[in-house]
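Let me begin by presenting the structure, written as C-alpha cells, before commenting on it.
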Amino acid sequence: MEHNTGHPASRVLAAARNDLALLKEQGESSSLTHWNVFTTVVNLFNKHLCPHDFVKALYLAWELTYEKYELNLTALSTIRLYLVSDALECLARQGVRVLGPWKVAVKAVIGFLRYCESNILMKGGFVHSGSVKLWVLDVFGDANLCPDVNIRLDMLLIIHVWRCDYGVFRGVDVGERITAGLVQLYEYMNVTHHFIPEDRKFDLCRPSFRVLYSLNKTGHLTETFKKATKQIESLSVGPEARFVARMVELVSGGVVMTMERFQSKTLNAENTMEMLEMALVQLGELVFSKYNVETFCYRGLGKVACVAYIQVAKANFELLPALSSPEFASRCDFLRKTFDRISEVLFKSPKSKTLAQLLMADHKEELVKITGGDFIPQDLAQSSQVAENCPERFLDGLTQTPMESPVLLRRSQVTVDETTLVYLLLQKAPQCPFTRTPLHYGSFCRIPKLHQEIHAWRTTGRLNVDHQEPSSSAGH
C-alpha cells in the first residue's frame, strides 16, 4: 500500500526533518533545540503509526540524538533504551503482528538494542509495562504472530533485561511463558550464528544464559526438568528432554568454539574470559547443582553432561594458563573454584554417582590426559575397569562399552544400551546408526532377560550359562 504523505504523522516527521536540517546549518537557538525536535518525534509513538512512519520516527529520533551526543557512548546507549521502550509501547498498544513491513520495523527496534553497551543494558533504569511484556511474550511464543524464528529468538534481548521479574501479570505467569517459548525455540539456536558470531553485536549467548539463570532461580525450569525425566524413563523423548539436552550442548559447543577462536587469535582475552565465566556458571547452576544433577543421571542426558564436563575441564587445564595475567588473576581464580565446585558435586555427591560412573566409562582416558587424574576418586577409577572383563554379548553394539539396560533396535537387530538409545533420540532427526532409518517409539524394545543377566553379572561376577540371545519379540 502506498504511503500517505498527507497523514498527520507524516507531516510531523517532514517538519522535524526540516528542523534537523536547520539545526545542522544554524545550530541551536532559543526556539529550536535538538531536545525539542527529539521530543516531538518521540511523542509520535503515542499515536497509531503505520510501519513506514514508525521506522522513519525511530531513525529520525536516533539521528537527532546522535547529532547531540556523538562522543558520549553512555548517553547514546541510555537514550537508545528509552527510545526502544517508547517504540515497544507503540507496538504493544497496536497489537502488531510481525508480518510484512512490520518485520522491518521490529528488526529496527532490535537493532537499536544490539548496539547498546551491555553494562548500560543490564543496569536498566527503565521498566517495561505489562502490555509490552505480554506483547513480547506473544511474539516469543507464537509462530502465527511471528513466523520468523530469528526475530522470536531476538526477543531474548528484551526479556533478559527483566531479569528475575517473572511474576504473574493479568493472570499470565511470565516465567512459565518464557520457559514454554524457550522449549519451542532452543532447537533453532546455533553456536556459530547465535552464541559466538563474528560480530558480537549479534550475540544471544549473554541474554539466553541470563534468562535461563533467572528461570532456574525462580523455579520455572523445575517442571520442564520433571517432564524431561519422565520422557526419558519411558523412552518417549519429547520437546522438554530435547530442550534440556540442547541447553547443555550449546554451552559445550560454546566452550569449544571459544577455545578455537582464542587459539586462532580471532577472539580477544576479555571476550574469551567472559564466555568461559558464563559457560561454567551455566553448567554449575543448571546441570551440576544439587537440584538438577539427578536429571542428568538419566541415560542419554548423562552423555551430554559428560561431554560438557570434558570441555570445561579442557578449558580449565589448557586455556586458563594462557589467560593468566595480573589483569585476569581474580577471574581465573573464580573459574578454577567454579570448576572445583562442579567436580565436587560430580564425584562426591551421592545424587551424581551414576553420572560420574558414566563419565569414567566413556571418557576416563581423555579425563586423565587432561587433568592428570589426581582428583578422580579411587573407587571410580577402579570401577571403570569393568569393561576389560565384560562378555561380548553385554557390550553396547555402538559404543562397545558394558550395558546396564539393553534395548534392541528392531530394524538392524543390534543391541545397545538405553543410554545410547536416548542419546540418539535426543537428536533433531533421530535415526538408527546402522540402517539410517528413522528411530521412533516402536522401532526398539527393552530386553528384560538380558537385563537380568547383566545385573547378575555386575553384582555377582557370574554368568548365566543357559542364557538365550535376545529376540525381536521382546517388549517394553
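As a basis for the values below, the full set of heavy atoms in this structure was taken, side chains included, without hydrogen atoms, waters or symmetry mates. What you see is a predicted model; the values in this text were computed from it and never measured.
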[X] side-chain N/O to [Y] backbone N/O, donor-acceptor pair under 3.5 Å:
X: Ser264; Y: Glu260; value: yes
X: Ser289; Y: Leu286; value: no
X: Asn292; Y: Phe225; value: no
X: Thr435; Y: Ser412; value: no
X: Trp135; Y: Arg93; value: no

Do [X] and [Y] touch side chain to side chain, with heavy atoms closer than 4.5 Å?
X: Leu156; Y: Leu185; answer: no
X: Phe347; Y: Leu359; answer: yes
X: Ile342; Y: Val345; answer: no
X: Tyr309; Y: Leu283; answer: no

Any Lys/Arg nitrogen of [X] or [Y] sitting under 4.0 Å from an Asp/Glu carboxylate oxygen of the other?
X: Arg152; Y: Asp142; result: no
X: Glu270; Y: Arg331; result: yes
X: Arg114; Y: Asp154; result: yes
X: Lys337; Y: Asp333; result: yes

Any chance the side chains of [X] and [Y] put a donor and an acceptor closer than 3.5 Å?
X: Ser234; Y: Ser236; result: no
X: Gln282; Y: Tyr213; result: no
X: Thr437; Y: Gln431; result: no

Would you tabulate the side-chain donor-acceptor contacts of residues 237-246 under 3.5 Å, counting partners in other chains and residues two or more places apart, or write 'none'?
residue : atom : partner : partner atom : Å
Glu240  : OE1  : Gln231  : NE2          : 2.8
Arg242  : NE   : Leu425  : O            : 3.3
Arg242  : NE   : Gln427  : O            : 3.3
Arg242  : NH2  : Leu425  : O            : 3.0
Arg246  : NH2  : Met189  : O            : 2.5

Practice problem: Take Leu335 and Met273 through the side-chain contact (heavy atoms from CB on, under 4.5 Å) test and state the conclusion after the steps. | Solution: CA-CA 9 Å; Leu335 289 174; Met273 184 64 72; 3.4 Å; yes
Quiz item: Does CZ belonging to Phe434 count more than 12 external heavy atoms closer than 6.0 Å?
Solution: yes
Practice problem: Look at the rings of Phe444 and Tyr441 and say which category their plane angle falls in: under 30° parallel, 30 to 60° tilted, over 60° perpendicular. | Solution: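 It falls in the perpendicular class, over 60°.
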